[in-house]
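Input: a single structure, listed below in structure tokens.
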2 protein chains.
Amino acid sequence: MVASRDRIVVTNGYLQGLGLICRALAGRGARRIACEDPSSVEEGRIAARAGLEAVRVPVDGRGLRVDLLAAAEVDAVILTPAHQHPTGVVLAPDRRTALIAWLRAAGAIAIEDDYDAEYRYDRPAVGALQGLDQDHVVYAGTVSKVLAPALRLGWMVLPPSLVDSVREEKLLHDQGTARIEQLAFAQFLLRGDLDRHLRRMRTRYRRRRDAMIAALAESLPAATVRGIAAGLHVTVELPGPADEAAIAAEARSRGIALATMGDYWTGGHYPPTLILGYSQMTEARLRSGVRELAALIPSTGGDIREPAAWRPGAA
Amino acid sequence: MVASRDRIVVTNGYLQGLGLICRALAGRGARRIACEDPSSVEEGRIAARAGLEAVRVPVDGRGLRVDLLAAAEVDAVILTPAHQHPTGVVLAPDRRTALIAWLRAAGAIAIEDDYDAEYRYDRPAVGALQGLDQDHVVYAGTVSKVLAPALRLGWMVLPPSLVDSVREEKLLHDQGTARIEQLAFAQFLLRGDLDRHLRRMRTRYRRRRDAMIAALAESLPAATVRGIAAGLHVTVELPGPADEAAIAAEARSRGIALATMGDYWTGGHYPPTLILGYSQMTEARLRSGVRELAALIPSTGGDIREPAAWRPGAA
């Protein structure tokens, strides 16, 4: 048994860690890796750059379609079980169990991006998959959401079989992550400052989330709002036919920052969906921004749902 | 003409930059890259990892054997012209001219690791190759020697044709270098603190170098000491037959840190050579350390030379 502190590699944020893992997996013969559909464009590109073929596996209202992994003939899978990025869905308990069973049967590796796990508002925190199987799950965390992406500070807890090869990749990549941030973050943790910071920010972000939901209910009552239980953004499915890219372009030209489902790596046919962050704005600014955004969209009835109500995606 | 500030990419130290360049070169069809013989083991491995075949080209007393590059059929070359690592040789003026001519004729790229350029003790600074041809030379600098490797802060000035692809590689690598160090270093530069720091350290390191040379002359008079004009280490060629690896192992077991020529990537048949750093020790500690080291080596006559007296290597 390798102690967990000996299985940690510190990285410059999550995506560097993903690149290191992909190269280590390719180095031991892996050829295909599953990515969630939808997921960030960078993940698939980083996997491809490491020599792996990235394969889309759809997400539905209960998370990644774990039942499709065997047929996808992949050696590994990247997933965001605590708060799927960007849909906000939580991986259902039976799928967690099924995932672990498949990993063991296939000798495959899951890369668990513990995305937004720290910002969960209405339910208790979701446990890490990695706690269920330390030999088949890589746990990846980052301070990007809880402190700042500019720190470039992340970490991975690795299965023992991957420790040496990932350390080697990291050394060849950049000879290690900057030390000052690591020491400062260690102090921040030890003093209990991170816990205090998270408690304060959860309260603040929850208020902003509530303001965002209220503003959407008022200004875009026909839209379906999802992904509200955790994280720093909501997804807003627009009613009827709408051109999400054109709406986003027009909104950006007015200084409203937003993303759309089409900005993600997806082969699915999602209805037009806007992705709106709320972490960086006051409640007043959120209300006026949503009102301005709504003026660009034809509106009808209303529907705000929890992620569990997410319809099957491209599956 | 692209302004030079638009051709800079900030990296996590020099070796990450080398990896990015190698991948960008491989991406546009490069297949072979020349490394100096001797050079650090990591350079060749990083080039190979990026898909390039690393080819050794020997260094002699006037620097890299530029005349051998054409026959080596390489698309690029990595070199340390200001203070060859680890031999300490400066690339001769006519070789600089010949290198630029070859780069232009072959459409090749030179990666200039401006290693130890800041610590030159007895002569004026050597100008950067990159000043002679901005379209064919990548200039790479780092704060590792002038401040601390723990900062992981380096930069490259790129030929315009490589800017986009290297930026793309950097983004996929780690989404950018940590910002706090960059801002702090910019302030440090702007306030003139770096210049003050370098002036202070040059004086201090020169004293330590002089103490190292004097101690070697006293305790190892038969050794040939080279690479003394710049940098933070000297090379010590041992007289007659000696097992450098065994001497180094014995010295390390007594707490004396050192390297040997065999620790570098070389196919050359160098005489047994120790590589001794002097930057981190007081003059008194240097003297006693050299005395202790000398007790492990049979000694004879003496010879301390400038790098220009370096004999041809494996050429």
Side-chain angles (χ1 to χ4, degrees), chain A residues 9-24 26-27 40-52 54 113 140 142-145 147-156 165-166 168-185 188 265, chain B residues 9-24 26-27 40-52 54 140 142-145 147-156 165-166 168-186 188 265:
Chain A
V9 168
V10 175
T11 61
N12 303 353
Y14 162 66
L15 286 177
Q16 182 185 50
L18 178 62
L20 301 178
I21 282 285
C22 286
R23 290 193 69 97
S40 79
V41 173
E42 286 80 11
E43 286 189 359
R45 295 190 62 202
I46 287 168
R49 207 63 151 234
L52 298 176
D113 174 9
T142 169
V143 306
S144 292
K145 304 290 184 305
L147 290 173
L151 286 171
R152 308 313 305 133
L153 192 54
W155 53 88
M156 297 190 293
S165 53
V166 170
E168 178 77 1
E169 291 294 340
K170 174 64 179 169
L171 202 64
L172 290 176
H173 228 64
D174 62 9
Q175 309 278 302
T177 288
R179 304 301 187 284
I180 292 174
E181 282 87 346
Q182 295 187 50
L183 295 169
F185 185 64
F188 194 72
W265 196 64
Chain B
V9 168
V10 175
T11 61
N12 303 353
Y14 162 67
L15 286 177
Q16 183 185 49
L18 178 62
L20 302 177
I21 282 284
C22 286
R23 290 193 70 96
S40 79
V41 173
E42 287 80 10
E43 286 189 1
R45 295 190 62 202
I46 287 168
R49 207 63 151 229
L52 299 176
T142 169
V143 306
S144 293
K145 304 290 184 306
L147 290 174
L151 287 170
R152 308 313 306 137
L153 191 54
W155 53 87
M156 297 190 293
S165 52
V166 171
E168 178 78 1
E169 291 293 340
K170 174 65 180 167
L171 203 64
L172 290 176
H173 228 64
D174 62 10
Q175 309 277 304
T177 288
R179 306 300 189 282
I180 293 175
E181 283 87 346
Q182 294 187 50
L183 296 169
F185 186 63
F188 194 73
W265 196 64

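Quick note on labels: first sequence line is chain A, next is B, and so on, each numbered from 1.
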Of all of A:E169, A:Q182, A:H173, A:E181, which one pairs up most often with chain B through heavy atoms under 4.5 Å apart? A:H173
Using a cut-off of under 4.5 Å on heavy-atom pairs, state which of A:G176, A:G17, A:A150 scores highest against chain B.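 Of the candidates given, the most pairs with chain B belong to A:A150.
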Side chains of B:R23 and B:L52, heavy atoms from C-beta outward: is any pair under 4.5 Å?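 No, every pair of side-chain atoms sits at 4.5 Å or beyond.
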Is there side-chain contact between A:F185 and A:L151, with at least one heavy-atom pair below 4.5 Å? no
Pairing of B:R45 and A:E168 as salt bridge, 4.0 angstrom limit: yes
Would the distance check show the side chain of A:R152 and the main-chain N or O of B:D174 forming a donor-acceptor pair, the cut-off being under 3.5 Å?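 Confirmed, A:R152 side chain pairs with B:D174 backbone.
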If I measure from the heavy atoms of chain A, does B:T11 come under 4.5 Å with its side chain, its backbone, both, or neither?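 Answer is neither: B:T11 stays 4.5 Å or more from chain A.
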